[in-house]
Trainee: 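I have a structure here, written as structure tokens, and I will follow up with some questions on it.
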Amino acid sequence: MKDKYGRNIDYMRISVTDRCNLRCRYCMPECGVESMGHDEILRFDEILKIVKIASGLGIENIKITGGEPLVRRDVTSLIGDIKALDGIRKVTLTTNGSLLEGSLKELISAGLDGINMSLDTLDAWKYRELTGGGDVEKVKAAIVKCAGYPGLKTKVNVVSILGFNDDEITSFGQIAAKHEVDVRFIEMMPIGMGREFDTVYQNTVMNCLENRFGKAMPVCGKRGSGPAVYYDFEGFKGKIGFISPLSHRFCEQCNRIRLTAGGLLKPCLQYGGGMDLKAALRCGKSDGALEEMIRTAIFQKPLRHEFCSGGVTGEEARFMSEIGG
Ligand code: SAM
Ligand code: SF4
């Protein structure tokens, strides 16, 4: 359905857990966040009910996220069940990639359409430092493995962090040069721990890539279901993408809503408010009442974020690991 500004909202990110096996410094505080109890997070049957109702309102693309989605037991069966729902076109996963080994085949059999792997450095020591102990080799191996499945759209998401990975931009470019994998550079958003970091803006990343690989050619038409813009470099197997909420605000094209692990339906990443669907489900509200709540959340989606203005009323106080990115 369309929101009050005429944007077609067809994409829902669903966080299935607030827990994570890593501790990326810009996403979660080092000491972690007090995790929600098992009965505080949405059960799979509750998520399925919400997706079923949302699909009736035009939601057709689902991203499973977290925390780390693969720490939640049986997430593969949830993916299969969502994929089987009428009206759902694509189900994709965002993961840190460290737990993929062993579950990839099952995920693909369940109907997974794509995987976004988060990887901000290729250096083993820097990766361990950034993530609080992660093993970069596992993620690199997972990327190569995923790239080998032709039906699976594989993307690498790199958050551009000033003074941390700005010396690795061309090395990330090489991944798209050699593999059928899109590499996307994401500007750090001032949410949670992200407020403590500076980003490298799209233009700087692009200059660096063009200096090394030659002129970038914009990819025409739609690619993917989100706000990324893509470029082609001569001889590359994959594309280079940019998700640049700060330097290239894309709110006019925003097509998404977010469901947190705690059951809050958030119409915009920057603001803390939303519809408490868990409370509604658990006090026995009818499907019609739930539909009305989802419809209202979509309709009232804010026009845009104000990341660059600061001091916005009602700003999100959660960490990104609790929202799902
Ligand atoms: N654990 C999974 C992963 O790392 O892909 C899924 C959850 S994680 C919160 C989803 C995405 O949000 C990751 O790509 C992560 O890099 C990104 N992210 C976290 N904090 C961010 C921030 N402040 N600005 C931009 N992206 C952020
Ligand atoms: Fe965990 Fe993903 Fe956040 Fe890193 S970015 S701490 S892997 S949720």
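Atoms within each ligand, like the ligands themselves, are counted from 1 in listed order. These values consider heavy atoms only, across backbone and side chains, with no hydrogens, waters or symmetry-generated copies.
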Trainee: Between Lys83, Lys153, Lys90, which is the residue that forms a salt bridge (Lys or Arg N to Asp or Glu O under 4.0 Å) with Asp113?
Mentor: Lys83
Trainee: Going by heavy atoms, is Gly324 under 4.0 Å from ligand 1?
Mentor: yes
Trainee: Of the protein's non-hydrogen atoms, which lies at the shortest distance from atom 26 (N) of ligand 1, and what is that distance?
Mentor: Val159 CG2, 3.8 Å
Trainee: Tell me whether Glu46 contacts the main-chain N or O of Arg43 through its side chain, where contact means a donor paired with an acceptor under 3.5 Å.
Mentor: yes
Trainee: Could you go through the side-chain hydrogen bond (donor to acceptor under 3.5 Å, both in side chains) check for Asn21 and Ser98 one step at a time?
Mentor: CA-CA 9 Å; Asn21 59 325; Ser98 62; 2.9 Å; yes
Trainee: Nearest protein heavy-atom contact for atom 6 (C) of ligand 1: which residue, which atom, what distance?
Mentor: Gly67 O, 3.3 Å
Trainee: Of all the heavy-atom pairs spanning Glu30 and Arg23, show the shortest one and how long it is.
Mentor: O-CD, 3.7 Å
Trainee: Does Tyr26 reach ligand 1 with a nitrogen or oxygen that is under 3.5 Å from one of the ligand's nitrogen or oxygen atoms?
Mentor: yes
Trainee: Yes or no: does Ser118 have any heavy atom under 4.0 Å from an atom of ligand 2?
Mentor: no
Trainee: Provide, to 0.1 Å, the distance between atom 23 (N) of ligand 1 and the closest protein heavy atom, together with that atom's residue and name.
Mentor: Met189 O, 2.9 Å
Trainee: Relative to the heavy atoms of Thr65, which atoms of ligand 1 are at a distance of less than 4.0 Å?
Mentor: 6 (C), 7 (C)
Trainee: Report, in ascending order of atom number, the atoms of ligand 1 lying under 4.0 Å from any heavy atom of Gly194.
Mentor: 23 (N)
Trainee: Looking only at atom types and distance, does a side-chain atom of Asp232 sit under 3.5 Å from a main-chain N or O of Met217, one as donor and one as acceptor?
Mentor: no
Trainee: Return the residue, atom name and 0.1 Å-rounded distance of the protein heavy atom closest to atom 7 (S) of ligand 2.
Mentor: Asn96 ND2, 3.2 Å
Trainee: Among Ile62, Thr92, Leu107, Asp74, find the residue that satisfies the side chain to side chain contact (heavy atoms under 4.5 Å, CB included) test when tested with Ile79.
Mentor: Leu107
Trainee: Among all protein heavy atoms in this structure, tell me which lies nearest to atom 12 (O) of ligand 1, with the distance rounded to 0.1 Å.
Mentor: Gly325 CA, 3.7 Å
Trainee: Under 3.5 Å between some N or O of ligand 1 and some N or O of Ser321?
Mentor: no
Trainee: Starting from Met189, can I reach Val205 by hopping between I/L/V/M/F/W/Y residues whose side chains sit under 4.5 Å apart?
Mentor: no
Trainee: Taking the six-membered ring of Phe164, is NZ or CZ of Lys126 closer than 6.0 Å to its centre and within 45° of its axis?
Mentor: yes
Trainee: Assigning hydrophobic clusters by single linkage (Ile, Leu, Val, Met, Phe, Trp, Tyr; side-chain heavy-atom cutoff under 4.5 Å), is Leu209 placed with Ile243?
Mentor: no
Trainee: Which residue holds the protein heavy atom closest to atom 20 (N) of ligand 1, what is that atom called, and what is the gap in Å?
Mentor: Met320 CG, 3.2 Å
Trainee: Only heavy atoms of Gly67, strictly under 4.0 Å: list the atoms of ligand 2 that pass.
Mentor: 8 (S)
Trainee: Show the atoms of ligand 1 that are less than 4.0 angstrom away from any heavy atom in Met188.
Mentor: 22 (C), 23 (N), 24 (N)
Trainee: Considering only the protein, which heavy-atom contact is closest to atom 2 (Fe) of ligand 2, and what is its distance?
Mentor: Cys20 SG, 4.5 Å
Trainee: What are the two closest non-hydrogen atoms of Leu112 and Leu152, and how far apart are they?
Mentor: O-CD1, 3.8 Å
Trainee: For atom 6 (S) of ligand 2, which protein heavy atom lies nearest, and how many Å away is it?
Mentor: Cys24 N, 3.2 Å
Trainee: Pick one: which of Thr95, Leu259, Thr17, Thr94 meets side chain to side chain contact (heavy atoms under 4.5 Å, CB included) with Thr65?
Mentor: Thr94
Trainee: Are any of the protein's heavy atoms under 4.0 angstrom from atom 16 (O) of ligand 1, yes or no?
Mentor: yes
Trainee: What heavy-atom pair brings Leu22 and Asn96 nearest, and what distance separates the two atoms?
Mentor: CD1-ND2, 3.5 Å
Trainee: Show the nearest heavy-atom pair for residues Leu119 and Tyr127, with the distance to one decimal.
Mentor: CD1-CE1, 3.7 Å
Trainee: Among protein heavy atoms, which lies nearest atom 14 (O) of ligand 1, and at what distance?
Mentor: Ser118 OG, 2.7 Å
Trainee: How far is atom 3 (Fe) of ligand 2 from its nearest protein heavy atom, and which residue and atom name does that atom have?
Mentor: Cys27 SG, 2.4 Å
Trainee: Where does Thr95 meet ligand 1, judged by heavy-atom distances below 4.0 Å: at the side chain, the backbone, both, or neither?
Mentor: backbone
Trainee: In ligand 1, which numbered atoms sit nearer than 4.0 Å to a non-hydrogen atom of Thr94?
Mentor: 2 (C), 3 (C), 5 (O), 6 (C), 10 (C)
